[in-house]
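Here's the structure, in structure tokens; my notes come after.
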Amino acid sequence: MVTTAQPATTSTFSPLTTWDGWQQFVDTPHAPARDAGDQEWTLEQREDYHARFVVLKTPAMDALSTAVRRLLLLNRGQQGGARRGLIISGPATTGKTTAMQQLGRTVELADRRRHPNQDGRLPVLFITVPPSSTPKMLISEFARFLGLPALERMNQIQITNAVCELLCELGTQLVLVDDVHLMDTRSRAGAETSDQLKYLGERIPATFVYSGIDVEASPLLTGVRGSQLAGRFKIVRNQPLRYGSSADQQIWNDLVNSMDSALRLRHHRPGALVTHAAYLHARTGGRMGSLSHLIREAALVSLLDGTEKITKRLLEQIELDTAAEQRARAPHRRRTPTQRQP
Ligand SMILES: Nc1ncnc2c1ncn2[C@@H]1O[C@H](COP(=O)(O)OP(=O)(O)OP(=O)(O)O)[C@@H](O)[C@H]1O
Ligand SMILES: [Mg+2]
């Protein structure tokens, strides 16, 4: 079930793949949205609010958080070797990265509650696989997150040892690795990078969570190398949300309703978005990325033109990403009778 909305906290300027950026993301307090009529809330601030908007809890996030809680417990008793991990897999722009970051934030905040006033801990590390990555590039991402100096003067083994020792000292429990589909294990560099990741999983006593586009169908999980990974990693699918059964519709409607209640537009009728829930699903194909884009852009346009409300007409004027537009047009094309040849 979809539950409460939280203000989105991602900063545009500090990458989350650095210690500072990550801490800033975790620390950003959940400032409640102000009243739409608050005269001290400037137009610019309200634009910023709607540009960032909210992160909603989706059913996939719930499944992920339950699975990771169990894994953290399970792996706690595992001293070395085959710790279990998890892969978030799904189509593009379905919210995989967002789900992963929210998970990391929850785990880090829980760790802080368990160890109050204890500096020098780093419960969660978040990195992204660089494009065309080599093993050295991958381990350098870990090192960069940790702020290790003089990387260029160290070789791969030295960086790997420094990273592993530091992560053990800092009590890291969760390592989040995003965009693992970028490792093409059919190429030599990709295969060696995936070996490096597996090796890190054995050296660092943490639970590893990967995320990537349609990973189950990728070479990462096939062949000799892949089978080892497939045997240790469970997959949580992050699919677009459906709108078929009444239970599916309820989930989608709750999500749209949460977005509606997060809007702070002066002339918006509360609940108006929910009346367009089916239309919103048809436009976005149930993808969180497209839904968030559509509502945020509509909110911003209405702030700029002063109408300050989201109507179906306005939604129709907003052009989405190419993939979403093609999907939304596809059913109409199928319904169009085929032209008979004269
Ligand atoms: N649960 C959510 N609530 C609100 N907005 C969301 C949510 N999940 C994703 N979004 C928005 O959708 C957009 C895409 O999300 P995200 O980058 O997490 O998707 P992704 O699946 O990782 O995409 P890609 O496959 O391109 O890596 C972002 O702008 C994000 O803010
Ligand atoms: Mg992503």
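Remember, it's a predicted structure, so these values are computed and weren't measured experimentally. As the structure lists them, so they are numbered: ligands from 1, and atoms in each ligand from 1.
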inquiry  = Checking Leu303 against His50 for the side-chain contact (heavy atoms from CB on, under 4.5 Å) test, could you report, in this order, the C-alpha distance in whole Å, the side-chain angles of both residues, the deciding distance, and whether it holds?
reply    = CA-CA 9 Å; Leu303 280 167; His50 289 93; 3.7 Å; yes
task = Output the distance between atom CD (Gln102) and atom CZ (Phe25), rounded to the nearest 0.5 Å.
result = 4.5 Å
request  = Supply the atom-to-atom distance Leu320 CG to Leu294 CG, rounded to the nearest 0.5 angstrom.
outcome  = 5.0 Å
request  = Determine, using ring centers only, whether Tyr210 and Phe233 are less than 6.0 Å apart.
outcome  = yes
message = Assess whether a salt bridge exists between Arg46 and Glu308, defined as any Lys/Arg side-chain N lying under 4.0 Å from an Asp/Glu carboxylate O.
response = yes
message = List the residues meeting ring-ring contact (aromatic ring centres under 6.0 Å, His included) with Phe208, not counting sequence neighbours, and say none if there are none.
response = none
message = Students should find this: residues with any non-hydrogen atom under 4.0 Å from ligand 1. What is the answer?
response = Val54, Val55, Leu56, Thr58, Met61, Ala92, Thr93, Thr94, Gly95, Lys96, Thr97, Thr98, Asp179, Ile213, Met288, Gly289, Ser292, Arg296
ask   = Under the criterion side-chain contact (heavy atoms from CB on, under 4.5 Å), which of Asn257, Thr284, Val274 is the partner of Trp252?
value = Thr284
Pairs meeting criterion salt bridge (charged side-chain N to carboxylate O under 4.0 Å, His left out) with involvement of residues 275-289, two or more places apart = Arg283-Glu325
task = Rounded to the nearest 0.5 Å, what's the gap from OG1 on Thr307 to NE2 on His268? Could you check?
result = 11.5 Å
ask   = Among protein atoms, how many N/O/S atoms lie less than 2.8 Å from the Mg ion (ligand 2)?
value = 1
